[in-house]
Amino acid sequence: MKALYITSKPAYPRVDGGCVASANFLDNLLKVVSQVKYLTIATNKHPFELNRFPNQLIDAVSPQAILIETAVRPREAIKYLFNNKSYNIDRFYDETMTTMITTTLENNSYD
C-alpha cells in the first residue's frame with residue numbers, strides 16, 4: 001500500500017501541537033503503509049529543516065517542501081474584505097506546491 005501525506009507545515013521539529021500531530025500521524029502511517037511520500041509547506045514561522053527529521057524517517061518518506069511566504073500584509077488583507085475571497089486561504093496557496101503535488105500524483109499511484 002502506498003500513501004501520499006501532505007501537511008501545511010513540517011512535522012519536524014516538533015515545535016507546536018500541529019507539528020506533533022503531523023509527526024505522530026506520519027509515524028503511525030508508516031506502521032500500516034509500506035510506502036509513504038511526504039510533502040509539506042514551509043514558511044518563515046515553520047521552516048523546513050531536513051536535519052531535524054529522524055534519519056530513518058528521511059529514508060522512509062523522502063520529505064519534500066516548498067517555501068511559501070505567508071506573512072500577513074495589512075494592505076492585502078483589507079483588499080480581501082471587499083472582494084468576497086478568503087485572504088487566509090489565498091496566502092497559503094502556491095502554484096509551485098500545486099505543481100509538485102500534481103507531478104507526484106502523475107508519476108505515482110497511491111491507495
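The model shown is predicted, which means the values in this text are computed figures rather than measured ones.
In this view, Lys37 satisfies the salt bridge (Lys or Arg N to Asp or Glu O under 4.0 Å) rule with no residue, not counting sequence neighbours. Checked against salt bridge (Lys or Arg N to Asp or Glu O under 4.0 Å), Asp94 has no partners two or more places apart in sequence or in another chain. The salt bridge (Lys or Arg N to Asp or Glu O under 4.0 Å) test applied to Arg73 returns no partner, not counting sequence neighbours. Residues satisfying the side-chain hydrogen bond (donor to acceptor under 3.5 Å, both in side chains) criterion with Arg52, sequence neighbours excluded, are Glu49.
The two residues Asp16 and Lys9 come nearest to each other via the heavy atoms OD2-NZ, 2.8 Å. Closest approach of Asn108 and Lys2 over heavy atoms only: OD1-NZ, 3.9 Å. Across Cys19 and Pro10, no two heavy atoms sit closer than the pair SG-O, 3.3 Å. Nearest heavy-atom pair, Ile68 versus Phe92, reported as atom, atom and distance to 0.1 Å: CD1-O, 3.7 Å.
Atom CG of Leu67 and atom OG1 of Thr40 lie 11.0 Å apart (nearest 0.5 Å). Atom CD1 in Ile101 sits 4.0 Å away from atom CD1 in Ile6 (nearest 0.5 Å). Atom CZ in Arg91 sits 9.5 Å away from atom OG1 in Thr43 (nearest 0.5 Å). Distance CG/Asp111 to CD/Gln35: 9.5 Å, rounded to 0.5 Å. Distance OG/Ser62 to CG/Leu50: 9.5 Å, rounded to 0.5 Å. How far CD1 of Ile41 is from OG1 of Thr7: 7.5 Å, rounded to the nearest 0.5 Å.
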Can you give each donor-acceptor pair under 3.5 Å made by side-chain atoms of residues 74-85, sequence neighbours left out, with the distance rounded to 0.1 Å?
unit_1: Glu76; atom_1: OE2; unit_2: Lys79; atom_2: NZ; d: 3.1
unit_1: Tyr80; atom_1: OH; unit_2: Asp90; atom_2: OD2; d: 2.9
unit_1: Asn83; atom_1: OD1; unit_2: Lys85; atom_2: N; d: 3.1

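Proximity of Asn55 to Ile58: side-chain heavy atoms (C-beta onward) are separated by under 4.5 Å at one or more points. Contact check for Leu30 versus Leu57: side-chain heavy atoms found under the 4.5 Å cut-off. Counting only heavy atoms from C-beta outward, the side chains of Asn24 and Arg14 approach each other to under 4.5 Å.
Taken together through direct or relayed side-chain contacts under 4.5 Å among Ile, Leu, Val, Met, Phe, Trp and Tyr, Leu26 and Met1 form part of one hydrophobic cluster. Following chains of ILVMFWY side-chain contacts shorter than 4.5 Å, one can reach Leu4 starting from Met100, so the two form part of one hydrophobic cluster. Criterion: ILVMFWY side-chain heavy atoms under 4.5 Å apart, direct or through other members. Under it, Val32 and Val61 are part of a common hydrophobic cluster.
Residue pairs meeting the ring-ring contact (aromatic ring centres under 6.0 Å, His included) criterion with at least one partner in residues 34-72, sequence neighbours excluded, are Tyr5-Tyr38, Tyr12-Phe53, Phe48-Phe53.
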